[in-house]
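Heads up, the thing below is written out as structure tokens.
Values below: all heavy atoms of this structure, side chains included; hydrogens, waters and symmetry mates excluded. By convention in this document, chain letters (A, B, ...) are assigned in the order of the sequence lines, proteins followed by strands, and residues within each chain are numbered from 1.
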Number of protein chains: 2
Amino acid sequence: MISISIVEDHENYRKSLAKAIETHEQFNIIGVYPSAEEAINELVNNPPDIAILDIKMKDISGIELIEQVRAQIPDTQFLMCTSFQNDENVFNALKAGASGYIVKGSTALEIQNAILELYDGGSPMSPYIARKVISMHHKQPAPSNFGLSQRELEVLSLLSKGLLYKEISDQLDISPNTVKNHCKNIYKRLHVQNKVEALNKFNSF
Amino acid sequence: MISISIVEDHENYRKSLAKAIETHEQFNIIGVYPSAEEAINELVNNPPDIAILDIKMKDISGIELIEQVRAQIPDTQFLMCTSFQNDENVFNALKAGASGYIVKGSTALEIQNAILELYDGGSPMSPYIARKVISMHHKQPAPSNFGLSQRELEVLSLLSKGLLYKEISDQLDISPNTVKNHCKNIYKRLHVQNKVEALNKFNSF
DNA sequence: AGTACAATAGCCCCTTTGGGCTATAGCTGG
DNA sequence: CCAGCTATAGCCCAAAGGGGCTATTGTACT
């Protein structure tokens with residue numbers, strides 16, 4: 001049995017959602033709330049396997065709701081429900097901790113499948129959103145390295161761990177002065193004045 | 001018409017892939033290469049809309065191939081093909097710049113649909129991988145902030161921009177000594193000894 | 001009233017860092 | 001062979017950072 005709670009402020013949709021879920025014998029609705037405010041405590045006290053949240057609600061958005069309760073119920077998975085397939089908020093909800101979503105107007109079967117996919121470790125979502133999510137992971141092309149040499153990259157990478165010149169020189173088996181020199185050269189190339197700036201510049205490409 | 005190139009070192013699969021694609025009238029195969037090495041120049045000189053790459057190949061992996069050519073052919077989309085649905089490499093390929101993948105053993109129809117979905121701006125992938133990708137976007141729950149005060153967070157955020165104590169004190173309109181004090185307190189809370197360590201610790205939670 | 005803590009700010013002292021400059025050895029490409 | 005580049009390493013000096021301590025003010029909870 002998969003326990004499910006629903007948070008949805010439109011009465012009609014809330015009811016039809018509940019009905020679609022009830023008909024599947026593997027699902028067990030343990031809570032239905034008409035507002036985020038009312039849901040927030042109940043979700044924490046009685047965490048479902050899956051919480052179905054409307055993204056846009058009058059009082060608190062589903063996204064905020066996730067942010068507020070997720071830490072306390074780490075085993076609950078969040079399935080958003082949205083009116084618009086490609087809502088920008090869907091993307092934000094996924095970032096906040098949701099694992100998938102369904103579109104309002106889906107058939108009972110589609111809803112059930114989404115829940116099962118979610119419970120199974122999947123992430124029901126549209127191809128468009130999927131692409132958007134993975135695009136965020138794409139490293140920018142042509143790292144180019146700003147023309148830094150291999151050794152300089154090595155030093156930079158150790159710097160990024162918070163090591164001192166001395167510690168770096170020990171690891172690379174060179175003099176601390178040399179490490180210093182590499183840093184100076186790195187700073188010149190990147191047009192910066194200190195470690196943090198260098199790391200920022202480099203890591204943002 | 002969608003132009004397509006194929007890079008695949010197993011002859012049998014290469015041929016069956018080509019056949020599955022040819023039968024669709026909207027697809028136009030403009031290159032078929034049995035190794036990454038041979039493909040690399042051709043892809044750059046004659047970039048297809050979609051490049052289908054085997055993830056594991058004898059000489060260079062499909063992932064490395066993407067890294068090497070992506071910068072030069074930004075309009076080409078990469079569709080990986082893999083033997084194992086949940087291969088760790090699939091995930092790495094997506095990070096490198098691929099936009100989706102197909103599993104070896106898919107039917108011609110499945111292959112065609114994946115290509116169309118990709119061309120359409122989607123990202124064909126299994127639910128498991130989708131989840132993995134979006135999980136990476138989840139902010140860690142309960143930022144908790146390590147018990148840092150509001151002011152300390154403010155200072156930390158300015159530190160992360162590479163500013164000096166003096167610059168921070170100017171912006172916050174307090175004394176540089178106070179900024180220093182905040183830093184000292186931050187370091188104590190986070191159990192670190194310097195800026196870079198503090199930023200690392202904080203940003204990785 | 002008393003305790004606790006955040007934010008402010010100063011002091012001292014030493015270490016680390018950053019910038020300038022020089023120098024040598026090795027390697028590479030005209 | 002020479003010019004250019006990298007990696008190495010040293011020197012000097014000044015600025016920035018980090019750790020220890022104390023102190024005042026204000027707010028908040030008890």
Side-chain angles (χ1 to χ4, degrees), chain A residues 41 44 67-68 71-72 142-205, chain B residues 40-41 67-68 71 140 142-205:
Chain A
N41 281 321
V44 172
E67 284 169 352
Q68 285 188 41
Q72 293 151 74
S144 80
N145 296 339
F146 283 98
L148 295 183
S149 75
Q150 206 45 52
R151 199 52 152 180
E152 285 164 347
L153 291 174
E154 224 170 326
V155 171
L156 198 51
S157 139
L158 293 171
L159 271 186
S160 80
K161 297 184 183 164
L163 302 186
L164 305 180
Y165 291 169
K166 182 68 181 59
E167 296 169 321
I168 295 177
S169 72
D170 285 349
Q171 255 188 65
L172 297 182
D173 207 37
I174 56 181
S175 143
N177 278 317
T178 303
V179 174
K180 196 177 177 180
N181 247 311
H182 285 309
C183 286
K184 286 190 269 197
N185 292 331
I186 292 168
Y187 296 165
K188 272 184 200 154
R189 276 289 149 85
L190 302 186
H191 305 294
V192 296
Q193 269 77 43
N194 61 55
K195 295 187 199 184
V196 180
E197 279 181 3
L199 295 172
N200 281 341
K201 192 127 188 177
F202 191 76
N203 288 329
S204 75
F205 312 49
Chain B
I40 200 157
N41 281 320
E67 285 168 352
Q68 285 186 43
Q140 86 300 349
S144 80
N145 297 339
F146 284 97
L148 295 183
S149 74
Q150 205 47 50
R151 198 52 151 179
E152 285 163 347
L153 291 174
E154 224 170 326
V155 171
L156 199 51
S157 139
L158 293 171
L159 271 186
S160 80
K161 296 184 183 164
L163 302 187
L164 306 179
Y165 289 170
K166 182 67 181 59
E167 295 169 322
I168 296 176
S169 72
D170 284 348
Q171 253 187 66
L172 297 182
D173 208 37
I174 56 182
S175 142
N177 278 316
T178 302
V179 174
K180 197 177 175 178
N181 246 312
H182 285 310
C183 286
K184 286 190 270 197
N185 292 330
I186 291 168
Y187 296 165
K188 271 185 200 155
R189 274 292 147 87
L190 301 186
H191 305 295
V192 296
Q193 269 76 45
N194 61 55
K195 296 186 199 185
V196 180
E197 280 181 2
L199 294 173
N200 281 341
K201 191 128 189 176
F202 190 76
N203 288 329
S204 74
F205 324 31

Any donor and acceptor pair, going by atom type alone, linking the side chain of B:E152 with main-chain N or O of B:L148 inside 3.5 Å?
no
Exam field: side chain B:R189 to backbone B:G147, donor-acceptor pair closer than 3.5 Å
yes
Whole angstrom value for the distance that separates P of C:dA6 from NE2 of B:H182
11 Å
Have a look at A:K180 and say if it touches a base, only the backbone sugar-phosphate, or nothing, with a 4.0 Å heavy-atom cut-off.
base
When we call it a touch if two heavy atoms are under 4.0 Å apart, what does A:N181 touch: a base, just sugar-phosphate, or nothing?
base
Considering every strand and a 4.0 Å limit on heavy-atom distances, what is the contact class for B:T178: base, sugar-phosphate, or nothing?
base
Using atom CG of B:N177 as one end and atom P of D:dA16 as the other, report the distance to the nearest whole Å.
14 Å
Between B:C183 and B:V155, which heavy-atom pair has the shortest distance, and what is it?
SG-CG1, 4.1 Å
For the pair B:Y187 (side chain) and B:K195 (backbone), establish whether a donor and an acceptor sit closer than 3.5 Å, ignoring hydrogens and angles.
yes
Does B:S149 or B:K184 map to a spot on DNA chain C nearer the 5' end, using the closest nucleotide for each?
B:S149
What is the distance, rounded to the nearest whole Å, between atom CG of B:L164 and atom C1' of C:dT17?
11 Å
In whole angstrom, what separates A:I168's CD1 from C:dG18's P?
10 Å
